[in-house]
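Any value given below was found using the heavy atoms of this structure, including those in side chains, with hydrogens, waters and symmetry copies removed. Small disclaimer: the values here were computed from a predicted structure and weren't measured.
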Amino acid sequence: MRDDLIRYAIGRLLFLPVFLLIVSFMVFYIGRYGPGDPVLIRAGPKATEETVEQIREELGFDRPVYVQYADYMIGLVQGDLGESINVQPGKSVKDLVIPRIKISAPITLSALAISFSIGTVVGLIASFRRNTWMDSGFIGTFLFFSSIPSLIMVQFMIMLLALKMNLVPAGWSGDWHSVYTTNMIIPVLTISLISVAGVARFVRATTLAVIGENYVRTAKAKGLPSWVVATRHVLRNALLPLVTVVVTAVFTAFEGSLFVERIYGIPGMGVFMVDAVFAREYDIITSMTVIIAMLSVVSYIVADILYKSIDPRVDLTKKM
Amino acid sequence: MSLLEIKDLVVSAIKNKEEKVDILKGVTFSLEKREVLGIVGESGSGKTMTALSIMGLLPERVYVTSGNILFSGQDLITAKESDMQKIRGKKISMIFQDPQSSLNPVMSVGNQMLEMFNTLLPDFGGKRKKQIIEILRKMGIPDPERRYNSFPHELSGGMNQRVMIGMMLIKKPKILIADEPTTALDVTIEKRILTRLKELVGELGISLVLITHNLGLVAEHCDRVVVMNEGQIVEAGDVFQIFEAPSHPYTRKLLDEVPKI
Ligand SMILES: Nc1ncnc2c1ncn2[C@@H]1O[C@H](COP(=O)(O)OP(=O)(O)OP(=O)(O)O)[C@@H](O)[C@H]1O
Ligand SMILES: [Mg+2]
């Protein structure tokens, strides 16, 4: 690996703890001073003032916020994500979240793998056959799918694939052990179908830009067969920026699967996060935010390094 | 029979559904074996479009409307794309104005030159690589073994143009079209590169089409010259004769713009 890439990665990773400290601090304080109180939710509507204060004390929420924050951070660096207040009182956040990641991660990643493969192929066909029926036909079809809200799409899928054709179950059953079954088909299909158009249009645009480049004309002037020009000269340069887009797409897809989870009854991350916010689950909200922030920073670094190791023009030592 | 004959070439650009503009309005000239032919004219006069018509590489929405381009008797305008691929780079080569953007930024220059061999067979014993390094050396590139693995952005414009010329000569074509090969470079490098180019072309018996807007270069390097203006050839003939007695007012105007040495 190139020296400058390693130096770049180290530089960025050193900055990561500082970044996470700021993020966690902000989320922690917004939670404590924002609207809503988990203690009231836990105590229930009929509880007396006394009971409420007693619960507050038990949970340690009567202490100054900076003490609570310090306490939380000490736990966090040891891998303790805190515990649930209302969703499953007393249960550790880690135990709650891991089974959900084991469901959401395979679904999201499979959906992305599918939408990026199909999207790339469609985008390439559309650009090489630009302004023909293939271009408008393919792009138009997938644009149609992407314009359907996911909550309608998933219901349509259930109707078609489960109720009518009886190929897959009409709703999720079981826990994370049953991810790799027909359970997966409807959510993966829905999420990927919706996101193909975005990828396809991106690939079409970058490919068209590359096709007009001077070095593509040179490749043709060398007498290379069209498929060599297309693969070796156009494709490689056109797909470079896709590396960065994949990373962004992972996180948006994670969020976007909320409706699909809700309607199909999937015990996944999206539903979990929304429930946590409604229940004012301080620890769940803070810990999840920190984890997502960390993952996104790390994956951006990885994407950057990937991009820059494919593209010899970028010198990272000069840029920083 | 001339090596290359262009007859009444009309090239048009499609502006929108109805409108069409003629970029070349009936261009006729020929190129002989071993000849160095200059094409001069102001910016936008159609020099590059003439060259791209010969290569069959006109940009999108630009088409040959009528005329013939005969290469050893074969009409390149009606030739199939697969036949053109056998001609490009092997029989007729072309180098471009901006060397930096004309080379693929993510491929080493060595690999780009290797592509000229256009074969799936592995390079047994590194024979092709050796041949390429030899060409780089001939083009006056210092330390060619190291430069073989360099990327275009690591080389200067002059170096890249040497790479381009070397690359396009690998297959020893019959014709080399050089479209303002040195416009982007400074004058001393221009002189060195053109001198080298002329030597190689002479050695290999290649006919050279030198496109430029610099009449000084034409006087120094060309046997014959065609003068283009607004998509038409306004004057053609022996370089010496045209410099002595330009018959067309446009040529006289071009000559007046040349700084006297
Ligand atoms: N892609 C294109 N589509 C339509 N018209 C074009 C296109 N490219 C060039 N033209 C037009 O064709 C005409 C001739 O252009 P050409 O590039 O051949 O000029 P040139 O003599 O090579 O000029 P220069 O010295 O600037 O390179 C110009 O009027 C230009 O506007
Ligand atoms: Mg030009």
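With a 4.5 Å cut-off on non-hydrogen atoms, M167(B) touches chain A through its side chain but not through its backbone. For a residue to count as touching a neighbouring chain, one of its non-hydrogen atoms must lie under 4.5 Å from one of that chain's; by this rule V216(A) does not touch chain B. For a residue to count as touching a neighbouring chain, one of its non-hydrogen atoms must lie under 4.5 Å from one of that chain's; by this rule R217(A) touches chain B with backbone and side chain alike. In this structure, no portion of I87(B) lies under 4.5 Å from any heavy atom of chain A. For chain B, no part of I211(A) is nearby; none of its heavy atoms comes within less than 4.5 Å.
Rounded to the nearest 0.5 angstrom, N214(A) CG and Q97(B) CD are separated by 9.5 Å. Here the CG-CD distance, from L103(B) to E213(A), works out to 12.5 Å after rounding to the nearest 0.5 Å. Rounded to the nearest 0.5 Å, atoms CD (Q112(B)) and OG1 (T218(A)) are 8.0 Å apart. With rounding to the nearest 0.5 Å, the separation of CG in L224(A) from CE in M116(B) is 7.5 Å. K222(A) NZ to K171(B) NZ: the interatomic distance, rounded to the nearest 0.5 Å, is 12.5 Å. Note that CZ of R130(A) and CD of E60(B) are 4.0 Å apart. Values are rounded to the nearest 0.5 Å.
When the shell of 6.0 Å around NZ of K47(B) is examined, it contains more than 12 heavy atoms from other residues, nucleotides or ligands. Heavy atoms of other residues, nucleotides or ligands lying less than 6.0 angstrom from CZ of R196(B) number more than 12. Atom CZ of F117(B) has more than 12 neighbouring heavy atoms from other residues, nucleotides or ligands inside a 6.0 Å radius.
What you find for G223(A) and K90(B) is that their closest heavy atoms are O-NZ, 3.6 Å. Annotation for N104(B) and R232(A): closest pair ND2-O, 4.1 Å, computed over non-hydrogen atoms. Contact between P105(B) and N237(A) at its shortest, heavy atoms only, is CG-OD1, 3.9 Å. Residues Q85(B) and S226(A) come closest through the heavy atom pair NE2-OG, 3.1 Å.
For S156(B), the side chain to side chain contact (heavy atoms under 4.5 Å, CB included) partners are M159(B), not counting sequence neighbours.
The candidate with the highest count of non-hydrogen atom pairs below 4.5 Å against chain A, out of M164(B), E115(B), M55(B), is E115(B).
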